[in-house]
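When a residue number appears, it is its place in the shown sequence, counting from 1. Bear in mind the structure is a predicted one, so any value in this text is a computation, not a measurement.
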Amino acid sequence: MSFLIEKAHKDFDIVMMAKKENDEYYMDICCYHIQQAIEKLLKAFIELKGERYALTHDVSRLYENYIQLGGKPIAYLDLMGGTLTAWESGSRYKDSFFATMRELDSAIEIYHTLNQFVSKEADSFFDLIPDSFKEKYPDREICIREFKQAIQKDRHF
């Protein structure tokens with residue numbers, strides 16, 4: 001789960017670097033990576049709730065699952081879900097792909113809001129891990145990953 005969060009953050013870093021350029025190809029890169037960042041955060045939330053996420057790039061479908069699992073509604077994500085999903089392949093393969101800076105800025109705002117909610121959920125999950133397990137794995141990210149694997153394997157710790 002923390003792997004997905006970290007990958008989402010890296011996708012977002014790419015967005016912020018590429019956004020500085022005033023070029024249509026950089027805009028395509030921004031759209032692809034912001035879609036990926038949002039998708040990965042939604043999947044991380046679903047994992048944090050103990051569920052398996054669907055193997056899909058459909059942001060609307062993942063957002064529905066996020067809401068069903070108690071995620072807080074995010075302004076415009078329900079409206080932009082289809083657009084974000086289309087960005088996943090459209091930004092890479094279609095010569096006719098076009099997105100506005102306003103759409104990208106809205107997606108960036110969605111990312112920030114979702115990231116806050118997912119980070120809070122990850123912190124809550126970390127608080128549930130027994131201290132003995134935290135002592136065994138002092139690095140927070142490794143601890144979460146190992147604890148999740150232990151739960152999945154139903155190991156005793």
Side-chain angles (χ1 to χ4, degrees), residues 1-19 24-126 128-129 140-155:
M1 87 197 80
S2 58
F3 173 76
L4 285 170
I5 295 170
E6 187 62 30
K7 296 272 285 184
H9 292 170
K10 299 300 182 196
D11 279 314
F12 185 72
D13 290 346
I14 292 168
V15 171
M16 298 315 291
M17 285 186 285
K19 188 177 182 226
E24 68 180 277
Y25 296 113
Y26 281 106
M27 181 65 146
D28 293 358
I29 291 167
C30 289
C31 291
Y32 172 74
H33 284 282
I34 195 67
Q35 183 281 338
Q36 287 290 289
I38 291 168
E39 175 186 327
K40 288 170 185 155
L41 287 177
L42 289 168
K43 288 177 176 180
F45 182 88
I46 293 165
E47 266 195 353
L48 284 164
K49 290 297 191 177
E51 300 291 327
R52 289 180 187 248
Y53 55 81
L55 299 177
T56 183
H57 298 293
D58 186 337
V59 172
S60 296
R61 181 174 170 197
L62 294 167
Y63 181 62
E64 283 178 26
N65 197 258
Y66 162 89
I67 293 295
Q68 290 169 351
L69 293 171
K72 293 182 181 181
I74 298 170
Y76 306 115
L77 185 48
D78 56 337
L79 299 175
M80 279 196 69
T83 299
L84 291 166
T85 299
W87 285 1
E88 192 275 329
S89 63
S91 63
R92 293 184 295 156
Y93 303 118
K94 292 185 179 177
D95 289 338
S96 61
F97 178 78
F98 178 78
T100 66
M101 189 58 74
R102 186 174 183 180
E103 288 173 317
L104 178 60
D105 288 340
S106 293
I108 289 170
E109 189 175 320
I110 288 168
Y111 169 85
H112 284 302
T113 304
L114 182 59
N115 188 46
Q116 287 177 341
F117 295 154
V118 174
S119 294
K120 185 176 179 183
E121 192 67 31
D123 289 343
S124 296
F125 183 83
F126 186 71
L128 297 174
I129 297 174
R140 184 177 188 274
E141 298 302 314
I142 293 172
C143 182
I144 290 172
R145 184 184 67 229
E146 292 296 322
F147 186 70
K148 181 180 172 239
Q149 289 175 357
I151 291 170
Q152 290 173 340
K153 293 178 182 175
D154 197 29
R155 294 192 316 225

Separation between [atom1] of [X] and [atom2] of [Y], rounded to the nearest 0.5 Å:
X     : Y      : atom1 : atom2 : value
Lys40 : Gln35  : NZ    : CD    : 8.5 Å
Leu42 : Leu77  : CG    : CG    : 6.0 Å
Leu4  : Gln36  : CG    : CD    : 10.5 Å
Trp87 : His33  : CH2   : NE2   : 13.5 Å
Leu41 : Glu121 : CG    : CD    : 12.5 Å
Ile34 : Glu103 : CD1   : CD    : 13.0 Å

(Q) Which label fits Tyr111 and Phe12: parallel for a plane angle under 30°, tilted from 30 to 60°, or perpendicular past 60°? (A)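 Correct class here is parallel.
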(Q) Test side-chain contact (heavy atoms from CB on, under 4.5 Å) on Phe147 and Phe126; report intermediate values, then the result. (A) CA-CA 9 Å; Phe147 186 70; Phe126 186 71; over 6 Å; no
Non-hydrogen side-chain atoms of [X] and [Y] separated by less than 4.5 Å:
X     : Y      : result
His9  : Asn115 : yes
Lys10 : Asp13  : yes
Tyr25 : Ile29  : no
Tyr53 : Leu55  : yes
Met16 : Ile108 : yes

Do you know which two heavy atoms are closest between [X] and [Y], and how far apart they sit?
X     : Y      : answer
Phe45 : Gly70  : CZ-C, 4.2 Å
Ala99 : Cys31  : CB-SG, 3.5 Å
Ala44 : Val118 : CB-CG1, 4.2 Å
Thr56 : Glu39  : O-OE2, 3.4 Å
Ala54 : Leu62  : O-CD2, 4.1 Å
Thr85 : Ser60  : OG1-N, 4.0 Å

Q: Using the side-chain contact (heavy atoms from CB on, under 4.5 Å) rule, pick out the option among Ile110, Leu114, Ile74, Leu84 that qualifies with Tyr63.
A: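 Of the listed residues Ile110, Leu114, Ile74, Leu84, the side-chain contact (heavy atoms from CB on, under 4.5 Å) partner of Tyr63 is Ile74.
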**Q.** side-chain contact (heavy atoms from CB on, under 4.5 Å) between Leu69 and Leu48, intermediate numbers included
**A.** CA-CA 10 Å; Leu69 293 171; Leu48 284 164; over 6 Å; no
Q: Could you tell me whether Glu88 atom CD has more than 12 heavy atoms of other residues or ligands within 6.0 Å of it?
A: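 Enclosed: over 12 neighbouring heavy atoms sit under 6.0 Å from CD of Glu88.
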Q: Count the heavy atoms belonging to other residues, nucleotides or ligands that lie under 6.0 Å from OH of Tyr26, then report whether that count exceeds 12.
A: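 Open.
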Q: Answer yes when Lys19 and Asp105 have at least one side-chain N-carboxylate O distance shorter than 4.0 Å, and no when they do not.
A: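 Here Lys19 pairs with Asp105 in a salt bridge, since their nearest N and O are under 4.0 Å apart.
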